[in-house]
Amino acid sequence: MEALRQIEEWDCGFAAAAVVAPSGVVATHGDGDRAVSWASVTKLLSAYAGLLAAEEGILDLDEPAGPPGATVRHLLAHASGLPFEGSVPIGRPGERRIYSNTGIEVFADHLARRAGIAFADYLHEGVLAPLGLAGALAGSPAESFHGSLADLTRFAQELLAPRLIAAETLAEAVSVQFPGLVGVLPGIGRQEPNDWGLGFELRDAKRPHWTGSANSAATFGHFGGSGTFLWVDPERALALAVLTDRVFGDWALAAWPVLSDAVLA
C-alpha cells in the first residue's frame with residue numbers, strides 16, 4: 001500500500017510497517033526480518049500468555065496476586081495500585097488506572113510460580129513457538145521482547161483470528177476492565193476515563209490518541225517507547241504493525257495517526 005511509504009519520512013534509522021488482515025499480510029514496507037526492541041508492545045505478548053494460562057487452568061484471573069486486595073486481573077489492567085516502577089503501591093486496587101511496568105512483572109512472576117517454569121519459557125512454549133515467532137524475551141516481561149516485523153504481523157493475525165485461545169477469551173481481554181478509572185496514558189496525558197483491557201490499551205473515545213481519527217472505538221493495541229506500535233481494529237478487520245528505532249515522542253503523535261488514517265482510507 002502506498003500509504004506505508006510515509007515511514008520513509010519519519011527520520012528513523014530503521015522503520016518497517018505492515019498491514020494485516022485475518023487471512024494474512026496485506027502489504028509491507030521496510031525490512032521485515034530485522035529484530036528490534038518492541039518496548040512496551042511486549043506487554044501484549046505477556047498478557048496473551050496470561051490468557052492462555054487462564055484457559056489452561058494454571059491461574060484464575062480473579063485470584064489474589066500482587067498488593068493486598070489485588071488480583072491477576074488488576075495487575076494486567078494497570079489497576080493494582082502499583083507505580084510505573086517500584087514495589088510500593090501508590091493507590092488501592094481498583095481506585096485509579098496507574099500504568100505499571102512493575103504490575104506486569106509481578107503478574108509474570110505469579111504465573112511462573114503457578115506454572116512451575118520460568119515465565120520466558122512459558123511464553124515461548126505457549127505463544128511464541130506455536131505462532132512461529134523467532135524473537136525472544138530478553139528481560140522484563142513488560143518491555144524486553146526483541147523481534148521482527150514478521151513476528152509482529154504473525155501476532156497481529158492471531159489477534160484478528162485467534163487460534164491459541166478462544167475468541168470469547170480475547171473478547172473479554174479487549175473489553176473495559178474496571179470501568180470509569182481515571183489515569184494517564186503515558187506520553188499523551190490524562191484520560192477520563194483511561195479505559196484498558198487485560199494488557200490491551202483500548203481506544204474507546206480517548207482524545208488525543210496515538211491511533212487515527214478513522215479508527216473505530218473498538219480498536220485495541222499498544223505502543224512502545226522505542227517507536228513501535230500495533231493496533232487492531234476489529235470493526236475493519238485490519239491491523240497496523242510498525243517497528244522503528246526512534247524513541248517515542250511528539251514526532252510519533254504527529255505521524256502515527258496520519259499513517260493510520262491513510263491505511264484505513
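Position 1 is the first residue of the sequence; numbering continues from there. Quick caveat: nothing in here was measured; it's all calculated off a predicted structure.
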Does the side chain of [X] reach to within under 4.5 Å of the side chain of [Y], using non-hydrogen atoms?
{"X": "L198", "Y": "V174", "answer": "no"}
{"X": "H209", "Y": "L185", "answer": "yes"}
{"X": "F155", "Y": "L45", "answer": "yes"}
{"X": "T244", "Y": "V36", "answer": "no"}
{"X": "E201", "Y": "W210", "answer": "yes"}
{"X": "D60", "Y": "V72", "answer": "no"}
{"X": "V182", "Y": "N194", "answer": "no"}
{"X": "F14", "Y": "I7", "answer": "no"}

Which residues pass the salt bridge (charged side-chain N to carboxylate O under 4.0 Å, His left out) test with [X], not counting sequence neighbours?
{"X": "D62", "result": "R73"}
{"X": "R236", "result": "none"}
{"X": "R154", "result": "D151"}
{"X": "E95", "result": "R92"}

**Request:** For ring-ring contact (aromatic ring centres under 6.0 Å, His included), just list the numbers for W256 and F229, CA-CA rounded to whole Å, side-chain angles, deciding distance to a tenth of an Å, and then say yes or no.
**Result:** CA-CA 9 Å; W256 291 354; F229 74 79; 4.8 Å; yes

May I ask you to check whether [X] and [Y] show a side-chain donor-acceptor distance below 3.5 Å?
{"X": "T211", "Y": "R203", "result": "yes"}
{"X": "E143", "Y": "S40", "result": "no"}
{"X": "D261", "Y": "S213", "result": "yes"}

Donor-acceptor under 3.5 Å ([X] side chain, [Y] main chain):
{"X": "E55", "Y": "A166", "result": "yes"}
{"X": "E172", "Y": "G197", "result": "no"}
{"X": "E158", "Y": "L164", "result": "yes"}
{"X": "D31", "Y": "D33", "result": "yes"}
{"X": "D233", "Y": "S216", "result": "yes"}
{"X": "T153", "Y": "A150", "result": "yes"}

Would you be so kind as to tabulate the donor-acceptor pairs closer than 3.5 Å made by side chains of residues 221-228, with sequence neighbours excluded?
{"from": "S226", "atom 1": "OG", "to": "S37", "atom 2": "O", "distance (Å)": "2.9"}
{"from": "T228", "atom 1": "OG1", "to": "W38", "atom 2": "O", "distance (Å)": "2.9"}

**Message:** Side-chain heavy atoms under 4.5 Å apart, restricted to Ile/Leu/Val/Met/Phe/Trp/Tyr: what other residues fall into the cluster of I90, or is it alone?
**Reply:** I98

Closest non-hydrogen atom pair between [X] and [Y], with its separation:
{"X": "L230", "Y": "A156", "answer": "CD1-CB, 3.7 Å"}
{"X": "F178", "Y": "L181", "answer": "O-CG, 3.2 Å"}
{"X": "A54", "Y": "L61", "answer": "CB-CG, 4.1 Å"}

**Request:** Check step by step if side-chain hydrogen bond (donor to acceptor under 3.5 Å, both in side chains) holds for W231 and S260.
**Result:** CA-CA 9 Å; W231 60 245; S260 298; 2.8 Å; yes

**Fill in**
P193 meets the side-chain contact (heavy atoms from CB on, under 4.5 Å) criterion, sequence neighbours left out, with D195

**Item:** Full working for side-chain hydrogen bond (donor to acceptor under 3.5 Å, both in side chains) between S46 and K43
**Value:** CA-CA 5 Å; S46 296; K43 292 179 174 69; over 6 Å; no

Please list every donor-acceptor pair under 3.5 Å in which a side-chain atom of residues 104-114 meets a protein atom from a residue at least two apart or in another chain.
{"from": "E105", "atom 1": "OE2", "to": "S140", "atom 2": "OG", "distance (Å)": "2.7"}
{"from": "H110", "atom 1": "NE2", "to": "E63", "atom 2": "OE2", "distance (Å)": "2.5"}
{"from": "R114", "atom 1": "NE", "to": "E63", "atom 2": "OE2", "distance (Å)": "3.0"}
{"from": "R114", "atom 1": "NH2", "to": "E63", "atom 2": "OE2", "distance (Å)": "3.4"}

**Request:** Determine which pairs satisfy salt bridge (Lys or Arg N to Asp or Glu O under 4.0 Å) with at least one residue from residues 243-253, sequence neighbours left out, and list them in order.
**Result:**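 Listed by first then second residue: nothing to list.
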
Could you give the side-chain donor-acceptor pairs of residues 16-30 under 3.5 Å, partners two or more places apart or in another chain?
{"from": "H29", "atom 1": "NE2", "to": "E8", "atom 2": "OE2", "distance (Å)": "2.7"}

**Asked** Can you check side chain to side chain contact (heavy atoms under 4.5 Å, CB included) on S175 and F200, steps first, answer last?
**Response** CA-CA 9 Å; S175 64; F200 295 86; over 6 Å; no

**Prompt:** Got a sec, which residues hit ring-ring contact (aromatic ring centres under 6.0 Å, His included) with H78, two or more places apart in sequence or on another chain?
**Reply:**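 Checked H78 against ring-ring contact (aromatic ring centres under 6.0 Å, His included); matches are Y99, W196.
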
**Message:** For residues L259 and V247: do they belong to one hydrophobic cluster (side chain heavy atoms under 4.5 Å, members Ile, Leu, Val, Met, Phe, Trp, Tyr)?
**Reply:** no

Under 3.5 Å, which donor-acceptor pairs do the side chains of residues 119-136 form with other protein atoms, sequence neighbours left out?
{"from": "Y122", "atom 1": "OH", "to": "A53", "atom 2": "N", "distance (Å)": "3.2"}
{"from": "Y122", "atom 1": "OH", "to": "E56", "atom 2": "OE1", "distance (Å)": "2.7"}

**Message:** For T102 and F84: C-alpha separation, side-chain torsions, deciding distance, then whether side chain to side chain contact (heavy atoms under 4.5 Å, CB included) applies.
**Reply:** CA-CA 6 Å; T102 299; F84 177 68; over 6 Å; no

